[in-house]
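Below is one structure; the comments refer to it alone.
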There are 2 protein chains.
Amino acid sequence: MANPRNPAAPEGDKVDTRLLESLLGYNARRTSLLAIDVFLQHMGEFGLRPVDFSVASLILHNPGITSRQLCDVLGLLPPNLVGLLKDLEQRGLIVRRPHPLDGRALGLYATDEGQTLVRAAEKKVTSLEAQIASRLSADERKTLIRLLKKVYL
Amino acid sequence: MANPRNPAAPEGDKVDTRLLESLLGYNARRTSLLAIDVFLQHMGEFGLRPVDFSVASLILHNPGITSRQLCDVLGLLPPNLVGLLKDLEQRGLIVRRPHPLDGRALGLYATDEGQTLVRAAEKKVTSLEAQIASRLSADERKTLIRLLKKVYL
DNA sequence: TATTGTTATACTCTATAACTATA
DNA sequence: TATAGTTATAGAGTATAACAATA
């Protein structure tokens with residue numbers, strides 16, 4: 001509905017956003033924020049934020065991975081990973097074992113409980129894709145992901 | 001190069017990220033972070049963070065727009081916009097004028113100086129698109145933006 | 001000397017509650 | 001009663017510097 005009180009200030013849905021919407025970064029960010037919203041709305045039962053999920057999933061699929069590698073892959077800084085891993089460990093979802101060949105490093109492994117939880121979380125996340133991409137056909141979704149990877153990878 | 005010291009922990013480029021890379025949110029976020037990096041690397045001369053740029057550009061193209069509308073369009077919270085607008089005003093890039101028909105609201109307008117700066121910033125940002133999307137054809141870039149908008153809009 | 005992981009800390013971003021002036 | 005804008009503040013996220021242990 002139009003706003004008869006305020007001809008000088010355009011309605012929310014009548015704001016000219018064409019320049020911003022012509023930019024890749026703006027559109028990628030808006031999509032990212034939508035996906036995070038959906039994640040937060042539906043993943044509460046697992047007690048994992050998006051970053052926790054990413055880390056836990058990488059540990060599950062890469063047994064023995066180190067903090068350093070997680071930081072490289074996810075673009076995190078080592079100090080910010082310490083507390084995150086400590087929490088996952090205290091919840092009994094992962095264990096840290098001294099690396100057999102590098103005394104400085106610690107290999108990260110999902111416990112049985114961690115494997116069960118993360119697999120369930122992955123299943124749920126995958127099901128949320130349908131919701132996030134509900135306005136896209138299967139082909140469009142595949143194309144979108146392919147093009148995004150082409151940009152940043 | 002492979003890491004001969006550490007067979008249990010995969011190299012950075014050999015980490016299995018297939019699950020994460022199958023997710024729209026993960027790929028959108030990675031692309032968004034890349035775009036922000038490029039922005040920060042090249043837009044320093046304008047003294048505008050990404051959010052400042054978005055706000056200033058919307059004011060330029062929507063003279064008389066209110067804080068409330070900016071919040072709606074950009075998904076910001078009113079308290080977080082106050083300081084931002086104060087800074088733009090103190091730099092002489094925008095002015096706030098009492099709204100003629102709503103005593104509560106303030107219309108936002110770009111000054112001449114603001115118009116000049118924001119137009120230059122927009123030109124620069126547009127040129128950075130070529131860099132961000134350098135691995136995409138013109139058609140692919142158009143498709144990517146179209147599909148992103150289809151998801152979040 | 002360089003790297004892994006850690007601590008402490010600072011900075012930025014985002015969110016909540018409460019207030020004022022006006023509608 | 002509801003809304004626009006503001007203040008103060010809390011919480012979450014991200015960043016830098018410095019250290020111990022090991023390579």
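Below, chain A is the first sequence line, B the second, and so on; all start at residue 1.
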Check: What closest approach, in Å, do A:R96 and A:L85 show between heavy atoms, and which atom pair accounts for it?
Finding: NH1-CB, 4.2 Å

Next item on the list: Could you check which of C:dC13, D:dG5, C:dT16 has an atom nearest any side-chain atom of B:T66?
Entry: D:dG5

Next item on the list: Please evaluate the base of D:dT3 for a donor-acceptor partner in the side chain of B:R104 within a cut-off of under 3.5 Å?
Entry: yes

Check: If you check every side-chain atom of A:K86, which of D:dG5, C:dT7, C:dT16 has the closest atom?
Finding: C:dT7

Notebook entry, point to check: Can you tell which of D:dG5, C:dA15, D:dT16 lies closest to the side chain of A:P79?
Noted result: D:dT16

Notebook entry, point to check: Atom CG of B:L76 and atom P of C:dT14: how far apart are they, to the nearest Å?
Noted result: 8 Å

Notebook entry, point to check: Is A:L48 close to A:R91 at the side-chain level, that is, under 4.5 Å between some pair of heavy atoms?
Noted result: yes

Next item on the list: For B:T17 and B:E21, work out which heavy atoms get closest and say how close.
Entry: OG1-OE2, 2.7 Å

Notebook entry, point to check: To the nearest angstrom, how far is A:R96 atom CZ from C:dT6 atom P?
Noted result: 5 Å

Notebook entry, point to check: Whole-Å distance between D:dG5 P and B:L108 CG?
Noted result: 7 Å

Notebook entry, point to check: Just how far, in rounded Å, is C1' of C:dG5 from CD1 of A:I94?
Noted result: 13 Å

Next item on the list: Counting heavy atoms from C-beta on, name the nucleotide in C:dG5, D:dA4, D:dA23 closest to the side chain of A:A105.
Entry: C:dG5

Notebook entry, point to check: Rounding to a whole Å, what distance do you find between B:N80:CG and C:dT14:C1'?
Noted result: 6 Å

Item checked: Nearest-angstrom distance from the residue atom CG of A:L81 to P of C:dT7 -> 13 Å

Checklist line | Rounded distance in Å - CG (B:L84) to C1' (D:dT7) | finding: 16 Å

Item checked: Toward the 5' end of DNA chain C, by each residue's nearest nucleotide, A:R29 or A:P78 -> A:P78

Check: For A:L106, which contact category applies under a 4.0 Å heavy-atom criterion: base, sugar-phosphate, or nothing?
Finding: sugar-phosphate

Next item on the list: For the pair A:R49 and A:D52, find out whether any cationic side-chain nitrogen is under 4.0 Å from an anionic carboxylate oxygen.
Entry: yes

Notebook entry, point to check: Does a side-chain N or O from B:R49 land closer than 4.0 Å to OP1 or OP2 of C:dT12, or not?
Noted result: no

Margin query: Whole angstroms only, please: what is the CG-P distance between B:L40 and C:dC13?
Written below: 9 Å

Note to self: Checking the side chain of B:T66 only, and the main-chain atoms of B:L106 only, is there a donor and an acceptor separated by less than 3.5 Å?
What the structure shows: no

